[in-house]
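Written out below as structure tokens is the structure these notes cover.
Values below: every heavy atom of this structure, side chains too, minus hydrogens, waters and symmetry copies. Model, not experiment: these values are computed from the prediction.
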2 protein chains.
Amino acid sequence: MNHSPTKPHHHGALRVALIQAGIDILQTDGLHGLTLRKCAARAGVSHAAPAHHFDGLVGLKGAIAHHGLSLFREAMLAASADAGDDLAQLKGICRGYLDFAAAQPALFRLMFGFEKHEHRKVSVELDDDLAYEILREACAPFVRDDLPAPILEAQVWSLIHGYATLYLSGNFLRELHALPQQEAFEQVMTALDRMVTR
Amino acid sequence: MNHSPTKPHHHGALRVALIQAGIDILQTDGLHGLTLRKCAARAGVSHAAPAHHFDGLVGLKGAIAHHGLSLFREAMLAASADAGDDLAQLKGICRGYLDFAAAQPALFRLMFGFEKHEHRKVSVELDDDLAYEILREACAPFVRDDLPAPILEAQVWSLIHGYATLYLSGNFLRELHALPQQEAFEQVMTALDRMVTR
DNA sequence: TATAAAACTTGACAGTGTCAATATTACATA
DNA sequence: TATGTAATATTGACACTGTCAAGTTTTATA
């Protein structure tokens, strides 16, 4: 056996190849450009191969989102690596959140853009715990008796997620974005101070 | 002339009919189900008619989003109609924000889901001022020297928009949604108190 | 009424997801 | 090692999609 045991046959690591192809296509052609057939072509397989590994297009998107969440997690971790106190840590994670959305807008939209009827097909692939854990840990130091963890986490997550998605929507928050991006972000994130301090 | 002067010919008010058809289809079939040909069929015209009035599919989506924003505005106004003080007014608007997203998820996603390369085609249709004005006015009483209007508006909007979109995403904020929806909303919105009070 | 413009139709095209049928490969078991 | 079986990928087909060019009908204008 000179083959890797995890290399089933023909192409071998087709699953990862298709996911990577999908991420590349998202970056190049946007969310609309993501196509089973284009992924297949880029991975060098027949047009119907992707629908086999993943359960149709929704399945592929779920797998891409799953992998995207791990990239997302890494981006947030990296952005908060050299943080001083707890608040700087939290803000660093938010910075990583926004930067990831800005760097990979189509992937970001894909991750959070599933419709309700798709949830059942995707929920197995898309365990948010992976990325959510980062946020949860960053929020932990600020939990108080009158501010339980799930509430605080929802508040912080809503703030940064809303800011990131509105940022991607472009047309909105125009007045704010008269400021340079970095300053606008910091100004908006001053809301975190108020949320977190008694 | 027994015809209305604004009734050009054949169908007449095809534009509004197509937009309404689109909104109906969004409600029934979701964002993926929205199709030029289905809108045409529902309005009783040929399959290529919609691409004429609006500049292709993106143009139709832009027109639908434009009309959706006016519905959005009305929903927020209605939800804050019987509000007491300024803070109750602001929270009422946020309540309307969430309720609209929950009631018309596909339309809501459409309104905020345009990609960057589509902005040019859509920006003419999609002047956010219509709906943004509501939020701006509700924020106005809380503007201070150290909290300029654009910043405060961005903070409030990010919070409610993030919460609404995460709510639609379903898989996320699971812990929070162990609470009843109404209470979860109110708990998260306590962040507004902290944002707004000195 | 004659002419032009606008609105809509028709027909065609390439591209899409999905599915059934088929061929190929890998692996387990004898 | 030989054989059978399941997994893996291919092929071909289908209905559906957006878009476009060309043609037809209606409205408006002069």
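For B:Val45, the listed nucleotide lying nearest its side chain is C:dT9; candidates were D:dA9, C:dG17, C:dT9.
A straight line from CD of A:Glu118 to P of C:dG17 spans 13 Å, rounded to a whole angstrom. Straight-line distance from the CG atom of A:Leu36 to the P atom of C:dC19: 11 Å, rounded to whole Å. Whole-Å rounding puts the B:Leu18 CG to D:dG18 P distance at 13 Å. Taking atom NZ on A:Lys61 and atom P on C:dT16, their separation rounds to 13 Å, with Å as the unit. One can place NE2 of B:His53 at 15 Å from P of D:dT19, the figure rounded to the nearest angstrom. Distance B:Leu14 CG to C:dA6 C1': 13 Å, rounded to the nearest Å. Between the CD1 atom of B:Ile25 and the P atom of D:dG18 there is a distance of 10 Å, rounded to whole Å. Rounded to whole angstrom, the span from the CG atom of B:Leu57 across to the P atom of D:dC20 amounts to 12 Å.
Contact of the B:Leu34 side chain with the B:Asp29 side chain is not registered, since no non-hydrogen atoms from C-beta on lie closer than 4.5 Å. Between B:Phe172 and A:Trp157, some side-chain heavy-atom pair lies under the 4.5 Å cut-off.
Between B:Lys91 and B:Asp86, none of the side-chain N atoms (NZ, or NE/NH1/NH2) sits under 4.0 Å from a carboxylate O, so this pair counts as no salt bridge. Salt-bridge check for A:Arg136 with B:Glu175: passed, with a basic side-chain N closer than 4.0 Å to an acidic carboxylate O.
Shown are A:Tyr132, A:Phe108, A:Phe100; of these, the ring pair (Phe, Tyr, Trp, His ring centres under 6.0 Å) with A:His161 is made only by A:Phe108.
Checked by atom type and distance alone, the side chain of A:Glu118 pairs as donor or acceptor with a backbone atom of A:Glu115 at under 3.5 Å.
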Restricting both atoms to N or O, compile the protein contacts to nucleotides 11-13 of chain D shorter than 3.5 Å, with distance only.
residue: D:dG12; atom: O6; partner: A:His47; partner atom: NE2; Å: 2.8

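Summary of the strand contacts: B:His52 and B:Val58 both lie near DNA chain D, and taking for each the nucleotide with the nearest heavy atom, the more 5' one is attributed to B:Val58.
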